[in-house]
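Working notes for the structure below.
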Amino acid sequence: MSQSFISARFQLCCQSCLWMGLSLCRQLFDSSSFYESSAPSPSSPVSLFTPLSIAPSARLTTLLHSPPVAPGHPCSMWSTTETSPHMHVREGGACVWRRPAEQSSDAARSNGGIRTGLHLWEVVWEADQRGSHALVGVSTSRSAPHASGYTALVGGDSQSWGWELSSNQLWHEGKEVARYPAGVGYHPMDIPERVVVAVDADAGTLGYVVEGCYLGVAFSGLPKGEELFLAVSCVWGGASIQLRYLGGMSRDPPSLMSLSSLSIHQALGRSRAALTDRLPLPPVLQNFLQQTQQWPANTTSGAAL
């Protein structure tokens, strides 16, 4: 077999793969009906946040449907040094516990930070351990980890941005800048224990996902190129807050495997997500589908994106 023939066949294969990738990308980026198949079936529970949610970007959708990174990633651990003296790191770094202390606001931040790319963290914080001034967001290394009195510490200066879970207020530079999500009524919504934080360091935006619903951009204008950390602050004595880094992606196009998996899951819908093993697909893709099937389902309450 001649070298020119092999080269021609290789180029043909590359062109075919490129065409498939471009077709999937066009579906992701251009099709207005792409998200229709993700609507919950009549038997699926509907989140109270669904009417307030917006369609996530293609990059965020892909990342939300990618399997989480393995535990133990530096971004999955709380820092043992850059935290308030009242915050104690437990469970190998994945949990931080606030020691009871009066007239004190205390913060903790992730051990690892990010400078570029789109990233997801999951914070687990039980509602009955929040009280007032329970904030989740991001900060730079220059944000204060402690303050006297009860205050919104994450969001209390120009170096941090936070969402107060009890009042639904957004805080930055020591003041309330808005209520979130957009369209929330006068009475605050009850935020469940699991909140996913979405940080796009390239675009300089911060948003949140609750019960599988992306609630839109909460903050824009985050400093580009500066290291950002997941951060929380609280005043409730005995509060335990768990952290897990779910993953990230660069500005490069998603892999063909990820796009194929996403397209299949969107076509099947949540009610038929467990039927992927019946599809005539290669074993490698089948295994990947089984992994991605667990996310975001096991991190949400069943609502569709």
Under 6.0 Å between ring centres, would you say that holds for Tyr208 and Tyr214?
no

I want to check something: taking the side chain as every heavy atom from C-beta on, are Leu215 and Val209 in contact at a cut-off of under 4.5 Å?
no

Nearest heavy-atom contact between Thr140 and Arg109 is O-NH1, 3.6 Å

Heavy-atom pair of closest approach, residues Ser110 and Cys75:
CB-O, 4.0 Å

If you round to the nearest 0.5 Å, how far is CZ of Arg142 from CD of Glu227?
11.0 Å

Please check: side-chain N/O of Asp106 versus main-chain N/O of Met87, any donor-acceptor pairing under 3.5 Å?
no

Val177 vs Trp171 side-chain heavy atoms within contact, under 4.5 Å
no

Donor-acceptor pair, Ser105 side chain versus Gly149 backbone, under 3.5 Å?
yes

Salt-bridged, Glu226 to Arg115, with N to O below 4.0 Å?
no

Counting only N and O atoms by type, is there a donor-acceptor contact under 3.5 Å from the side chain of His119 to the main-chain atoms of Thr116?
yes

Aromatic ring pairing Trp161/His172, orientation class (parallel under 30°, perpendicular over 60°, tilted between):
parallel

Check: residues 126-133 side-chain donor-acceptor pairs under 3.5 Å, at least two apart:
unit_1: Gln129; atom_1: OE1; unit_2: Ser240; atom_2: N; d: 2.8
unit_1: Arg130; atom_1: NE; unit_2: Trp125; atom_2: O; d: 3.2
unit_1: Arg130; atom_1: NH1; unit_2: Ile191; atom_2: O; d: 2.7
unit_1: Arg130; atom_1: NH2; unit_2: Trp125; atom_2: O; d: 2.8
unit_1: Arg130; atom_1: NH2; unit_2: Ile191; atom_2: O; d: 3.3
unit_1: Arg130; atom_1: NH2; unit_2: Pro192; atom_2: O; d: 2.7

Donor-acceptor under 3.5 Å (Ser76 side chain, Arg244 main chain):
no

Considering all heavy atoms, the nearest Val235-Arg98 contact
O-NH1, 3.1 Å

